[in-house]
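Chain identifiers are assigned alphabetically (A, B, ...) following the order of the sequence lines, protein sequences preceding nucleic acid strands; residue numbering begins at 1 within each chain.
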Protein chains: 2
Amino acid sequence: MKIGDKHYRSLWWDHSQQVLQIIDQRRLPYEFQIQNVESLQDYLDAIFQMRVRGAPLIGATAAYGIAHAMSQDPSDNNLQRAWDALYATRPTAVNLRWALDRCRQVMANTPEAERADVSLNLAHNIADEDVGINKSIGEHGLTLIRDIASRKNDGEPVNVLTHCNAGWLATVDWGTATSPMYHAHDANIPVHIWVDETRPRNQGALTAWELGNHGVPHTYITDNAGGHLMQHGQVDLVITGTDRTTSRGDVCNKIGTYLKALAAFDNNVPFYVALPSPTIDWTLSDGVAEIPIEERAEKETTHIQGTNSSGSVDTVRVTPECTPGGNPAFDVTPNRLVTGLITERGICEASAIGLAKMFPEFAKAT
Amino acid sequence: MKIGDKHYRSLWWDHSQQVLQIIDQRRLPYEFQIQNVESLQDYLDAIFQMRVRGAPLIGATAAYGIAHAMSQDPSDNNLQRAWDALYATRPTAVNLRWALDRCRQVMANTPEAERADVSLNLAHNIADEDVGINKSIGEHGLTLIRDIASRKNDGEPVNVLTHCNAGWLATVDWGTATSPMYHAHDANIPVHIWVDETRPRNQGALTAWELGNHGVPHTYITDNAGGHLMQHGQVDLVITGTDRTTSRGDVCNKIGTYLKALAAFDNNVPFYVALPSPTIDWTLSDGVAEIPIEERAEKETTHIQGTNSSGSVDTVRVTPECTPGGNPAFDVTPNRLVTGLITERGICEASAIGLAKMFPEFAKAT
């Protein structure tokens, strides 16, 4: 999407340097910095340190990681070594595994001498496919926003709440949850986005940065505020992303999503989840029982990063010195709280039947 | 409660200086600083700037503010001037009005020459009464914790989640929501407290500071985490405070309380609200419809205070520079989500009947 007047993707292949370029998202929203990813360690760091983040972007980055490994040493051994190392960086992200498995499968049918070229083209394809998927998600989600807008007075914005950053920065372009918002804005439908700050890592600041750069009206709120806004009719629609969706439509997303879903349900606000189909884990059904939740460093809860009064990025400690912090990074929203799933093929019910109808070829396979 | 080995209240009268002393809570949890409150402007600042905070403590501070005004000029005019100025500092806090009205009523029956002494004694009484009320709340709430503990294995802690700081710092002593926790800890019942950080002002850091100083085991979590913990059986009980409770038991408390109540309800976790009866506004019934919600400065959402790496208190901006912030400070939890109210007279249902049975003299009057 746009930064100022220029269009960017969140990663791209620099053909002159023959190297992947990414936006270092840890420096956002304070500083816009482009980085080269040159070694396997760079790839591992990029994912593990969350320079790139978001399920689809992690998947595409990992595919380029395999391509890099193949350019160095196209042996089966090295393929497995790269697969293992890349997989270990963020085990919760199902797209990561999906992309890695796809690369490994293609490599299995490719002679070693061709693996470097084939894997690089495959990474390009995975990136382009993601853009296509997110564009489709946006077109389908747009119908929901258009429908609400049609019941409003002229010029009155559709208020959409979102949690975390399922924006274009978390994908290759468009974003998942944000794609319907960008599509609506670009179609001159007035929208206003309530952006949850999304503690502990404040990814809402990234969403605010994105929306601001693309010119979409928005307001940054604490994660505590959404319930109150819904009680008072100030939210027309919730759209979030998901890191992992089960075959029956339970949604594992950034911690706190479940609380917003409860509030939406309690106030009859439609709660939609935007997802590219690679995010669906067809092997799982009951998300609360079956999905292991990553516990991240406690420092993320006790310390917060921002820019200080002299403009430098700094970290402050919010708590007393010896306060222990707990930091589950995701939660699961049961399908009963989800109004619908916005996929690249259309909108379906968050249920085993809804998903099976939309993706019969995958549902049958399990 | 204890700070190290010494027992403190959150305000006290210094008889030698004839002045009120408070703990400047804006400097907590980084710095423990005692301040003199000497002029009416000091009193207004103390409340408005949240050097003192929490409904009961605001009420007691305001009573001392009236006493100060009476010591300067005991006329009716000055009484009204002080009443107006003090009331305007935090209009949501019903205790503030309750304390001010009580002082005005007593002054009306007191000759001017005696007003300084009478109002000072009245302020002492209001402070002592608050301590007594909170002690009673703790004793009643203790029965809930003791009951849960009796169903656990020996040594296994009772996990209590709390939101904001309804601790001793927010009252004169004991706190409201924390009083059952301190009583349980002091009675050697093992408890572990999940402390919501409570954005935007991170009052959870105060709760953590209190609990740590008194030796109560606890873990600081983001406001997003509680739902997930409840889904996984890691919360036995929620206890929060309230700034204002309606006659049918709707609870207006720090923004985000409603989300925790929804999660507790969805997971069959008992959700109790601890309240001194002066917090009940008998003139209101439907809290969502009738209670105006204070919108505070947007900077509270976009900036966060803490200590930086060199140990100084600093504020960092989390968002991009031009991001607008929304900051509703409270929300209302409807009585249907509240398991019970812990009052100084005992535990009752969160309903008009429950409250009327517990406080027949007030319920009748409206």
**Q** Sort out for me which of A:Glu300, A:Arg199, A:His218 touches chain B most, counting heavy-atom pairs under 4.5 Å.
**A**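 Most heavy-atom pairs within the cutoff with chain B belong to A:Arg199.
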**Q** Given 3.5 Å as the limit, does a donor-acceptor pair link the side chain of A:Tyr30 with the main chain of B:Glu321, or not?
**A**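 No, A:Tyr30 side chain to B:Glu321 backbone: no donor-acceptor pair under 3.5 Å.
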**Q** Which residue out of A:Pro334, A:Gly256, A:Ser312 racks up the most heavy-atom pairs below 4.5 Å with chain B?
**A** A:Gly256
**Q** Hey, which of A:Ile255, A:Asn213, A:Leu206, A:Asp331 has the most heavy atom pairs under 4.5 Å with chain B?
**A**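 Of the options given, most contacts go to A:Ile255.
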**Q** For residues B:Thr319 and A:Ala205, report the shortest heavy-atom separation together with the two atoms involved.
**A**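 Closest pair (atom of B:Thr319, atom of A:Ala205, distance): CA-CB, 4.1 Å.
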**Q** Let me know if B:Asn327 has heavy atoms under 4.5 Å from chain A in its side chain, its backbone, both or neither.
**A**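 B:Asn327 has no heavy atom closer than 4.5 Å to chain A.
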**Q** Would you sort out whether A:Asn308 and B:Asn308 count as a side-chain contact (heavy atoms from CB on, under 4.5 Å), showing the intermediate values?
**A** CA-CA 9 Å; A:Asn308 62 22; B:Asn308 61 21; 6.0 Å; no
**Q** Which bit of A:Thr307 comes within less than 4.5 Å of chain B, counting heavy atoms only: side chain, backbone, both or neither?
**A**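 Contact with chain B involves both backbone and side-chain atoms of A:Thr307.
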**Q** Which one of A:Leu211, A:Thr198, A:Leu262, A:Ile221 has the most heavy-atom pairs closer than 4.5 Å to chain B?
**A**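 Going by pairs under 4.5 Å, I would pick A:Leu262.
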**Q** Is chain A contacted by the side chain of B:Gln305, its backbone, both, or neither, given a heavy-atom distance below 4.5 Å?
**A** backbone
**Q** Between B:Tyr258 and A:Gly227, which heavy-atom pair has the shortest distance, and what is it?
**A**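 In this case the closest contact between B:Tyr258 and A:Gly227 is CE2-O, 3.6 Å.
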**Q** Measure distances from B:Arg336 to the heavy atoms of chain A and classify the residue's part below 4.5 Å as side chain, backbone, both or neither.
**A**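 For B:Arg336, side-chain heavy atoms alone lie under 4.5 Å from chain A.
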**Q** Which pair of heavy atoms, one from A:Pro29 and one from B:Val318, lies closest together, and at what distance?
**A**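 So the two residues come closest at CG-O, 3.6 Å.
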**Q** Of the options B:Asn224, B:Thr301, B:Asp223, which is the one that meets A:Asn224 in a side-chain hydrogen bond (donor to acceptor under 3.5 Å, both in side chains)?
**A** B:Asp223
**Q** Pick whichever of A:Ala289, A:Gly306, A:Gly226, A:Ala225 has the most heavy-atom pairs under 4.5 Å with chain B.
**A** A:Gly306
**Q** Name the region of B:Phe265, side chain, backbone, both or neither, that has any atom closer than 4.5 Å to a heavy atom of chain A.
**A** neither
**Q** Locate the shortest heavy-atom distance separating A:Val288 from B:His232; write the atom from each residue and the value.
**A**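 It is O-CE1, 3.2 Å.
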**Q** Quick check: does any side chain N or O of A:Gln231 sit under 3.5 Å from a backbone N or O of B:Val332, one acting as donor and the other as acceptor?
**A** yes
**Q** Determine the option with the most heavy-atom pairs under 4.5 angstrom with chain A, choosing from B:Thr257, B:Asp266, B:Thr323, B:Asn202.
**A** B:Asp266
**Q** Taking every heavy-atom pair that is under 4.5 Å apart, which of B:Leu28, B:Asp196, B:Asp314, B:Thr222 has the most such pairs with chain A?
**A** B:Thr222
**Q** At a heavy-atom separation under 4.5 Å, does B:Ile293 approach chain A through its side chain, its backbone, both, or neither?
**A**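 Side chain only.
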